[in-house]
Amino acid sequence: MDKVNKLASQRAVVIFSMSSCCMCHTVTSLFSDLGVNAAIHELDREAQGREMERALVKLMGHSPPVPAVFIGGRLVGSTDRIMSLHLGGDLIPLLRNAGAIWL
């Protein structure tokens, strides 16, 4: 859990994903299209990936725990939450407040 929390607080937007996860790619692409330079941590390519995956399962409350998106060091959620925020017009202000974009 410490590793996840440490990584989540190092950038304005942090995404934990898996390299083969299509929903992870969708979320990552959305942030990229919005001009966000998110830190992406692919658990299947990280040395401590299994440990971080277990910690994320506890935080997210479900498995698989990816994508797990942190904005401003806080867990925001997975694909459904991010898309809901975006469609509702609430994602951009959240990103601005975290210093991830300056639109």
Side-chain angles (χ1 to χ4, degrees):
M1 189 78 72
D2 291 338
K3 177 80 171 171
V4 168
N5 289 329
K6 182 178 178 183
L7 291 172
S9 66
Q10 290 180 339
R11 294 275 282 280
V13 177
V14 177
I15 303 170
F16 292 93
S17 71
M18 295 275 195
S19 61
S20 61
C21 171
C22 63
M23 291 314 219
C24 296
H25 176 74
T26 300
V27 168
T28 302
S29 294
L30 171 64
F31 283 105
S32 179
D33 290 348
L34 293 173
V36 174
N37 187 17
I40 313 290
H41 298 283
E42 292 183 338
L43 300 179
D44 55 333
R45 295 186 176 169
E46 295 268 345
Q48 296 177 326
R50 289 291 226 187
E51 178 185 324
M52 289 189 288
E53 184 176 0
R54 284 191 294 273
L56 287 166
V57 167
K58 288 180 185 176
L59 283 173
M60 300 287 286
H62 59 79
S63 184
V66 293
V69 179
F70 289 77
I71 300 176
R74 276 183 356 147
L75 175 63
V76 175
S78 195
T79 308
D80 57 343
R81 179 75 175 129
I82 297 303
M83 293 304 178
S84 176
L85 287 168
H86 184 53
L87 294 172
D90 297 319
L91 183 59
I92 298 292
L94 190 61
L95 293 169
R96 273 195 203 116
N97 289 340
I101 57 172
W102 295 272
L103 296 173

>> For residues L94 and V36: do they belong to one hydrophobic cluster (side chain heavy atoms under 4.5 Å, members Ile, Leu, Val, Met, Phe, Trp, Tyr)?
In response: yes
What side-chain donor-acceptor pairs closer than 3.5 Å can you find for residues 5-21, not counting sequence neighbours?
| unit_1 | atom_1 | unit_2 | atom_2 | d |
| --- | --- | --- | --- | --- |
| N5 | ND2 | M1 | O | 3.3 |
| S9 | OG | N5 | O | 3.3 |
| S9 | OG | K6 | O | 3.0 |
| R11 | NH2 | N37 | O | 2.7 |
| R11 | NH2 | N37 | OD1 | 3.4 |
| S19 | OG | D44 | OD2 | 2.4 |

> Can you tell me how far the CG atom of D2 sits from the CE atom of M52, to the nearest 0.5 Å?
Replying inline: 12.5 Å
> If you look at every heavy atom in V4 and A55, which pair is closest and at what distance?
Replying inline: CG2-CB, 4.0 Å
> Quick one: CG on L43 to CD on Q48, what's the gap to the nearest 0.5 Å?
Replying inline: 11.0 Å
Review item, side-chain donor-acceptor pairs of residues 75-91, under 3.5 Å, at least two apart:
| unit_1 | atom_1 | unit_2 | atom_2 | d |
| --- | --- | --- | --- | --- |
| S78 | OG | P67 | O | 2.9 |

> Is there side-chain contact between F70 and L59, with at least one heavy-atom pair below 4.5 Å?
Replying inline: yes
>> Tell me whether S32 contacts the main-chain N or O of T28 through its side chain, where contact means a donor paired with an acceptor under 3.5 Å.
In response: no
> Between E51 and R54, is there a side-chain N and carboxylate O pair less than 4.0 Å apart?
Replying inline: no
> Sequence neighbours excluded, which residues qualify as side-chain hydrogen bond (donor to acceptor under 3.5 Å, both in side chains) partners of E46?
Replying inline: H41
